[in-house]
**Student:** 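Input: one structure, supplied below.
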Amino acid sequence: MFQVIGGRSVQAARLLAPRSAVLVEAVRGRKSRSDPVAKSKEGRIKVPVSVDPVEMVVLKERYSEYKLIMRALRMEFKEGVLRKKYEEEMGSQAELRARQEEEEHRALMDWNNQENLRILKARIIRIQQEEEEAERKKTEAAIQREQEQQEFIRQKEEEILKLQEEAKNFVTLENLDQRIEEALDNPKNYNFAIDKEGKVVKRTVLQ
């Protein structure tokens with residue numbers, strides 16, 4: 001921050017003033033375009049001054065830095081003058097505006113903190129509900145598997161009992177003669193025809 005004090009005000013005003021175009025004379029000296037060449041310069045050949053490439057690069061870099069520095073100084077002086085003028089004219093309003101912005105910022109931060117707290121509580125409740133739901137489904141799945149296993153055991157027990165009951169009618173070496181006599185005493189004719197509904201429609205007579 002630079003301040004304009006005393007005799008420097010003129011320099012600051014010049015720096016802050018818009019830059020005007022550089023005026024270059026079309027013809028230098030007192031001679032006009034129609035005057036002939038001087039006799040002392042009739043046979044002279046102008047040779048351009050040799051330029052060192054390295055020196056030219058250095059000069060260009062330094063000139064670029066110089067322009068950047070001067071531009072920064074101008075902007076700094078201009079900003080200082082404008083800020084001082086603004087503070088003199090709008091100082092009280094700027095302070096009031098800054099106070100209002102600070103209060104608004106504090107209110108927004110309080111609201112943001114409250115909103116974050118509300119969202120955090122809602123997230124905690126949702127996570128708890130999801131955990132309870134997952135535990136309930138896990139318990140229901142375990143109960144379902146237990147019921148299915150019990151049903152499977154019951155069906156197998158029924159099948160075993162049925163097989164045990166059917167085993168009583170199996171033909172064995174002990175009851176072979178008895179079963180042969182029963183088959184001879186009660187002959188069955190399996191030579192018959194049925195319709196689409198499964199009813200017997202024709203039966204041959206046993207010979």
Side-chain angles (χ1 to χ4, degrees), residues 1-2 64-65 68-69 71-72 74-76 78-80 82-207:
M1 178 67 65
F2 293 90
S64 299
E65 294 177 359
L68 290 176
I69 293 172
R71 181 181 179 185
R74 291 192 196 93
M75 295 299 295
E76 189 71 22
K78 185 176 182 179
E79 182 181 358
L82 293 177
R83 182 182 292 108
K84 184 177 181 181
K85 182 178 179 181
Y86 177 79
E87 289 177 355
E88 290 176 355
E89 295 178 355
M90 307 292 291
S92 58
Q93 296 183 7
E95 183 179 356
L96 178 61
R97 189 181 300 106
R99 189 182 302 109
Q100 291 176 352
E101 291 178 355
E102 183 178 359
E103 292 177 355
E104 183 180 0
H105 176 71
R106 188 181 301 108
L108 290 175
M109 290 299 296
D110 294 339
W111 175 84
N112 187 42
N113 294 333
Q114 294 176 1
E115 189 69 13
N116 290 337
L117 182 60
R118 183 186 65 81
I119 294 175
L120 177 61
K121 292 180 179 179
R123 186 184 297 113
I124 293 174
I125 295 174
R126 177 174 55 82
I127 293 175
Q128 292 177 351
Q129 292 177 351
E130 290 177 354
E131 291 178 352
E132 293 175 356
E133 182 69 15
E135 187 66 23
R136 183 183 63 81
K137 290 182 178 180
K138 184 177 179 181
T139 304
E140 291 179 354
I143 294 174
Q144 182 69 19
R145 287 194 300 270
E146 184 68 20
Q147 292 177 353
E148 291 177 354
Q149 186 176 3
Q150 293 295 332
E151 181 66 19
F152 178 77
I153 294 173
R154 186 185 63 80
Q155 292 177 359
K156 294 302 178 182
E157 289 177 350
E158 290 180 354
E159 291 178 0
I160 293 172
L161 293 175
K162 184 177 180 181
L163 289 174
Q164 290 177 352
E165 188 68 24
E166 292 177 353
K168 295 178 181 180
N169 297 324
F170 288 172
V171 177
T172 61
L173 293 175
E174 288 79 7
N175 61 4
L176 180 59
D177 295 335
Q178 181 183 356
R179 291 302 176 89
I180 292 173
E181 291 178 359
E182 291 178 356
L184 293 174
D185 295 339
N186 300 304
K188 293 184 179 180
N189 185 8
Y190 294 99
N191 190 11
F192 56 83
I194 61 174
D195 57 7
K196 293 182 179 180
E197 296 179 356
K199 297 179 181 180
V200 177
V201 295
K202 185 178 181 181
R203 185 191 299 273
T204 59
V205 180
L206 290 174
Q207 298 296 332

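Both backbone and side-chain heavy atoms feed into the values below; hydrogens, waters and symmetry mates do not. Predicted model, so just to flag it, every value in this text is computed and none were measured. The first residue in the sequence is number 1, and the count goes up from there.
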**Student:** Can you list everything that forms a side chain to side chain donor-acceptor pair (under 3.5 Å) with R106? Sequence neighbours excluded, please.
**Tutor:**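 By the side chain to side chain donor-acceptor pair (under 3.5 Å) rule, R106 matches E102.
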**Student:** Please list, chain by chain and in numerical order, all residues satisfying salt bridge (charged side-chain N to carboxylate O under 4.0 Å, His left out) with E130, sequence neighbours excluded.
**Tutor:**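 Scan of E130 (salt bridge (charged side-chain N to carboxylate O under 4.0 Å, His left out), adjacent residues dropped) gives R126.
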**Student:** L117: which residues meet the side chain to side chain contact (heavy atoms under 4.5 Å, CB included) condition with it, sequence neighbours left out?
**Tutor:**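 Residues passing side chain to side chain contact (heavy atoms under 4.5 Å, CB included) with L117: K121.
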**Student:** Testing R136, K137, Q144 for side-chain hydrogen bond (donor to acceptor under 3.5 Å, both in side chains) with E140, which one passes?
**Tutor:**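 Result for side-chain hydrogen bond (donor to acceptor under 3.5 Å, both in side chains) with E140: R136.
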**Student:** Test of understanding: with side chain to side chain donor-acceptor pair (under 3.5 Å), list the residues that count as partners of Q114, not counting sequence neighbours.
**Tutor:**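 Expected list: none.
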**Student:** A quick test of your reading: do over 12 heavy atoms of other residues, nucleotides or ligands sit less than 6.0 Å from CZ of R71?
**Tutor:**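 Incorrect, the count does not exceed 12.
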**Student:** With sequence neighbours left out, write down each residue that passes side chain to side chain contact (heavy atoms under 4.5 Å, CB included) with Q100, or none if nothing qualifies.
**Tutor:**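 Listed in chain order: L96.
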**Student:** With Q155, which residues qualify under side chain to side chain donor-acceptor pair (under 3.5 Å), at least two apart?
**Tutor:**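 Expected list: E151.
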**Student:** In plain terms, say whether R145 and E148 are close enough for a salt bridge, that is, a side-chain N and a carboxylate O under 4.0 Å apart.
**Tutor:**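 Salt bridge between R145 and E148, a charged N being under 4.0 Å from a carboxylate O: no.
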**Student:** Any side-chain to backbone donor/acceptor pair from N116 onto N112? Under 3.5 Å, distance only.
**Tutor:**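 Here the side-chain-to-backbone pair exists.
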**Student:** Could you check if a side-chain atom of L161 sits within less than 4.5 angstrom of a side-chain atom of E158, using non-hydrogen atoms only?
**Tutor:**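 The answer is no; the side chains never approach within 4.5 Å.
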**Student:** Under the salt bridge (Lys or Arg N to Asp or Glu O under 4.0 Å) rule, what do R154 and E157 come out as? Steps first, then yes or no, please.
**Tutor:** CA-CA 5 Å; R154 186 185 63 80; E157 289 177 350; over 6 Å; no
